[in-house]
Amino acid sequence: MDKTYQPEQIESRWYQRWENDQRFAPSGQGEPYAIMIPPPNVTGSLHMGHAFQDTIMDTLTRWRRMQGRNTLWQVGTDHAGIATQMLVERKVAAEEGKSRHDLGRDAFIDKVWEWKNESGGQITRQLRRMGASVDWSRERFTMDDGFYKAVQEVFVRLYDEGLIYRGKRLVNWDPTLNTAISDLEVENRDQQGQFWHFRYPLANGVKTDAGLDYLVVATTRPETLLGDSAVAVNPEDERYASLVGKFVELPLVGRRIPIVADEHADMEKGSGCVKITPAHDFNDYEVGKRAGLPLINVFTKNAHILEAAEAFDLQGRPLADIDTQLPSTYAGMDRFAARKAVVADMEAAGLLEKTETVNNTLPYGDRSGDVIEPLLTDQWFVAVETLAKPAIEAVENGDIQFVPKNYENMYFSWMRDLQDWCISRQLWWGHRIPAWYDAEGNVYVARTAEEARAKYSLAADLELSQDEDVLDTWFSSGLWTFGTLGWPEQTPELATFHPTSVLVTGFDIIFFWVARMIMLTLKFTGQVPFKQVYVHGLVRDGQGQKMSKSKGNVLDPIDLIDGIDLEALVEKRTGNMMQPQKAKAIEKATRGEFPEGIEAHGTDALRYTFLSQATTGRDIKFDMGRLDGYRNFCNKLWNASRYVLMNAEGEDCGVDGGKVELSLADRWIISRLQQTEVQVTKAMEEFRFDHASQALYDFIWNEYCDWYLELSKPVLWDDSASAEAKRGTRRTLVRVLEAILRLAHPMMPYISEEIWQRVAPLAGTLSAEGDSIMNQPWPVADESKIDESATRDIEWLKGVIIAVRNIRAEMNIAPGKPLDVMLTKGEAADQQRLEANRLFLAKLAKLSSINWLDNPAEAPLSATQLVGEMEVLVPMADLIDKDAELARLTKEIDKQDKLIQGIERKLSNEGFVAKAPAAVVEKERSKLAEFQAARRLLVEQQEKISAL
RNA sequence: AGGACCAUAGCUCAGUUGGUUAGAGCGCCACCUUGACAUGGUGGAGGUCGGCGGUUCGAAUCCGCCUGGUCCUACCA
């Protein structure tokens with residue numbers, strides 16, 4: 001073995017072996033355990049969020065597999081409609097100077113598939129680097145044939161049940177992407193905007209109670225004036241009561257529009273009058289519904305002004321009797337240009353009363369970054385109400401549990417106020433909607449055109465054309481848990497692995513994905529999709545900032561694994577930026593934070609860092625310091641193993657039946673191992689990966705390495721130890737290490753496998769050539785091996801050794817200088833422990849002698865420490881710096897005084913003595929005695945030194 | 001506006017039903033290349049547990065209010 005741990009050599013080798021040996025596939029034995037990977041975008045690349053999530057899923061999967069469960073971790077990728085289409089559009093534009101429309105639908109889709117085949121491997125390669133033990137043989141894609149079948153089935157069945165409908169509705173429209181998007185894809189951003197107050201002249205000479213011949217309405221969107229179909233006042237508003245039913249003359253347009261009463265108008269705001277544009281505002285749409293107003297659309301799909309408006313009734317039927325003329329000056333104008341023009345024209349007409357600056361919130365498309373426009377379009381919707389009810393109940397009754405639980409509230413509050421889901425997208429990349437139209441526009445929903453003809457008894461020669469739209473990506477990913485298992489076929493996999501065990505996901509897609517999976521899965525399988533949802537937070541940078549390209553603070557998990565030099569990192573962060581002006585600052589910050597670039601840390605260290613930071617339900621600030629720390633931890637484990645192998649390979653490790661004697665240290669470490677096994681297992685069950693990793697870290701470093709390995713040296717290296725004792729220690733060294741490796745394997749798959757291959761044969765656990773730690777049993781604690789008395793003895797031993805080390809440090813005695821030490825006071829047990837552990841004490845505390853002093857009064861001048869009741873004495877005749885030592889003692893005495901006072905205060909409180917449990921009071925009393933003893937010793941010492 | 005979560009050492013975080021001398025890692029200081037490991041060893045410094053009030057014999061822990069931060073939902077004509 002190399003002297004230092006070098007992860008890169010180990011990792012690729014082992015992953016390949018595991019994959020070739022097909023160790024990731026379900027065993028077919030034992031209770032099923034299934035996790036569905038949240039499918040990453042097929043053309044995406046691995047970011048820190050994926051790496052974190054994959055680590056958690058892999059840890060769970062490997063752990064359950066070792067526990068003997070029939071484990072499936074289902075892998076796959078998502079076609080990600082909008083994201084992928086945009087990416088390919090941009091690529092085609094850059095490389096060929098063509099738009100998708102230049103290419104045409106079929107050619108463009110071919111391009112997307114080409115790109116998918118070319119780049120779709122990146123994310124899966126990176127998943128392999130993370131060590132993910134997914135079953136590659138079952139890899140799925142949300143656009144593969146089987147999935148298309150599931151999507152069609154669901155769509156047709158929902159339609160036939162009346163749960164999918166088509167209609168002209170106001171939807172969130174992205175004028176850049178030219179598609180509808182869902183509420184969830186809209187990002188609200190606060191901004192400073194203008195607020196214009198316009199005068200709308202009253203028609204037919206009507207005047208307000210105040211004698212004015214106009215009403216004042218205010219708007220942040222003057223261009224929508226062109227589509228106004230009413231002015232609303234509050235029905236309670238006495239100022240305008242007489243005007244309800246009268247008309248105003250819409251400025252610039254000249255259309256007469258009514259004044260209606262509607263509660264939407266807020267009497268407190270502005271003049272109390274509000275313009276109503278049902279085709280361009282969601283609130284106004286509702287007002288329009290209540291008041292029976294026409295919907296007047298003035299925008300093209302690109303949000304340019306139409307030559308003539310389009311008027312519809314609430315069912316979306318064209319209205320013929322509405323004046324749809326618009327002033328020709330605006331025709332073809334972009335909405336923002338039109339806004340300026342309308343304001344200017346209103347001002348010129350003397351109808352602009354005033355302008356204010358206000359803070360308002362604008363909707364932006366999360367993909368395009370463009371301002372979203374409420375627009376009247378024909379879309380497909382899922383009526384969610386009947387689907388939501390059982391989905392709510394499943395969480396209420398505990399069939400699905402969120403971890404942590406408080407996310408259930410978030411889920412409920414959303415599910416209880418659900419809007420119908422707009423599932424059509426005006427894109428090309430995605431599942432095409434299985435609906436056909438005849439020339440009259442009648443719609444026929446079926447899996448194929450042929451089926452449609454049969455189903456609706458259509459003439460064979462009736463020309464049918466398929467709907468141009470595709471489905472929202474989340475419609476197909478909503479079928480993920482059962483679609484991947486072969487549904488609508490009733491496959492054995494579906495019977496075995498569904499419902500799945502746990503979904504590991506970020507809180508940000510609870511609405512997008514989790515809620516919809518629950519609804520659709522319950523509807524079509526009658527089962528919940530998963531029994532638990534483990535919700536994790538966002539991975540942020542070390543300062544708690546969201547990682548983003550524009551901030552230049554993105555860390556690539558692969559760079560943390562392999563390392564990256566500074567220049568490459570700077571290039572990566574500043575190259576190809578949307579806002580190149582930020583490059584300088586980012587470069588400076590990067591050079592400041594990573595002056596040497598980033599070292600290689602290996603996958604295991606990265607995984608361990610994620611796990612150690614995986615506190616439930618909160619964001620994690622990725623800590624480079626921890627990453628270094630866990631890389632060092634890997635090195636520690638590596639070197640401890642080197643030590644074990646050096647002392648065990650080629651030696652009799654007591655696994656072949658020879659007589660074996662266990663030392664105190666052997667019994668102690670075996671006992672501690674059992675307790676660690678309990679702790680780690682419990683933590684895993686509770687999804688407390690931070691606790692699991694911490695418990696293992698402590699055990700490996702602070703107990704196995706710091707104490708047990710040191711305690712093994714006297715046995716192995718001292719000629720006086722018996723062959724049985726040496727065998728016992730070798731066996732314990734090897735077997736405890738072997739168990740440690742199994743405990744570590746779900747968290748650190750690579751290093752544990754690499755070392756295990758060398759250690760297992762010595763421990764007698766390797767059953768066959770080519771065996772893997774992956775398939776070994778998870779360690780189960782044996783209670784009978786928990787040895788309290790060994791633990792007490794070792795604590796005593798450690799106490800004495802630490803006392804001597806303390807004295808050395810305080811007295812400035814060279815660490816290597818052999819000392820003569822005496823023990824005194826204390827009990828008979830202390831004396832026995834001394835006799836039993838003389839060898840260990842001498843070796844670990846570097847003593848030339850250690851003896852029991854029967855009569856404490858005979859003690860020479862010594863530096864002292866207490867271990868329980870017993871005193872450890874290091875005779876110091878000529879080594880003491882009198883003043884320094886007196887100062888130290890005074891400080892120590894003060895410290896003890898404070899502790900003593902604190903306890904005395906408690907004990908003199910009658911309430912405490914009367915009401916606190918007896919055990920608590922007793923504990924305080926014994927602490928008091930302990931502190932007082934320590935104080936007495938210090939005072940004695942002080943007296944002795946003063947007397948010098 | 002409503003709600004959720006968070007605030008513990010210089011930094012990143014543990015602290016499970018109230019009782020610990022409040023812990024870990026990194027960083028810092030001192031000493032040490034001892035035959036697994038300097039990606040190491042030994043010892044150490046460092047915290048009025050955001051603030052105020054309450055409940056209790058006892059509060060980092062429970063309750064209320066306040067401050068600061070993160071996020072979600074809604075609204076903003």
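Protein chains get the first letters and strands the later ones, always in sequence-line order, with residue 1 at the start of each. Hydrogens, waters and symmetry mates are skipped; everything else that's a heavy atom, side chains included, is used.
In this structure, B:U48 forms no base pair with any nucleotide, since neither Watson-Crick nor G-U wobble geometry is met with both distances under 3.5 Å. Under the Watson-Crick or G-U wobble criterion, with both distances below 3.5 Å, B:A36 has no partner in any strand shown.
Residue contacts for A:Ser641: at a heavy-atom cut-off of 4.0 Å it reaches no nucleic acid atom on any strand shown. Residue A:Tyr697 is in sugar-phosphate contact alone, with no base atom involved, counting any heavy-atom pair closer than 4.0 Å across all strands shown. A:Gln613 comes within 4.0 angstrom of sugar-phosphate atoms only, judged by non-hydrogen atoms across all strands, and of no base. Residue contacts for A:Cys634: at a heavy-atom cut-off of 4.0 Å it reaches no nucleic acid atom on any strand shown. Across all strands shown, A:Leu538 has no heavy atoms under 4.0 Å from either base or sugar-phosphate atoms. Within the 4.0 angstrom heavy-atom criterion, no nucleotide atom of any strand lies near A:Trp638.
Under a 4.0 Å N-O distance rule, the pair A:Asp262/A:Arg290 qualifies as a salt bridge.
Contact between A:Tyr643 and A:Leu709 at its shortest, heavy atoms only, is OH-O, 3.6 Å.
Remark: A:Arg416 qualifies as a cation-pi partner of A:Phe412 under the 6.0 Å distance and 45° angle criteria applied to the six-membered ring. By the 6.0 Å and 45° rule, A:Lys713 does not stack over the aromatic ring of A:Phe840.
Nearest-nucleotide positions on RNA chain B for A:Asn406 and A:Glu924 put A:Asn406 closer to the 5' end.
Taking the centre of each ring, A:Phe687 and A:Tyr534 come in below the 6.0 Å mark.
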Show the distances under 3.5 angstrom between N or O atoms of the protein and N or O atoms of nucleotides 6-9 of chain B.
unit_1	atom_1	unit_2	atom_2	d
B:C6	O3'	A:Arg618	NH1	3.2

Would you tabulate the pairs of protein nitrogen or oxygen atoms and nucleotide nitrogen or oxygen atoms of nucleotides 59-61 of chain B closer than 3.5 angstrom?
none

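Within residues 217-235 of chain A, the residues approached by RNA chain B to less than 4.0 Å at the level of any non-hydrogen atom are A:Ala218, A:Thr219, A:Thr220, in residue-number order.
Scanning atom types as modelled, no donor and acceptor separated by under 3.5 angstrom connect the side chain of A:Lys3 and the base of B:C37.
Here the C1' atom of nucleotide B:A38 and the CG atom of A:Asp706 are 15 Å apart, to the nearest Å. Note: CG (A:Asn409) to P (B:U73) measures 15 Å, nearest angstrom.
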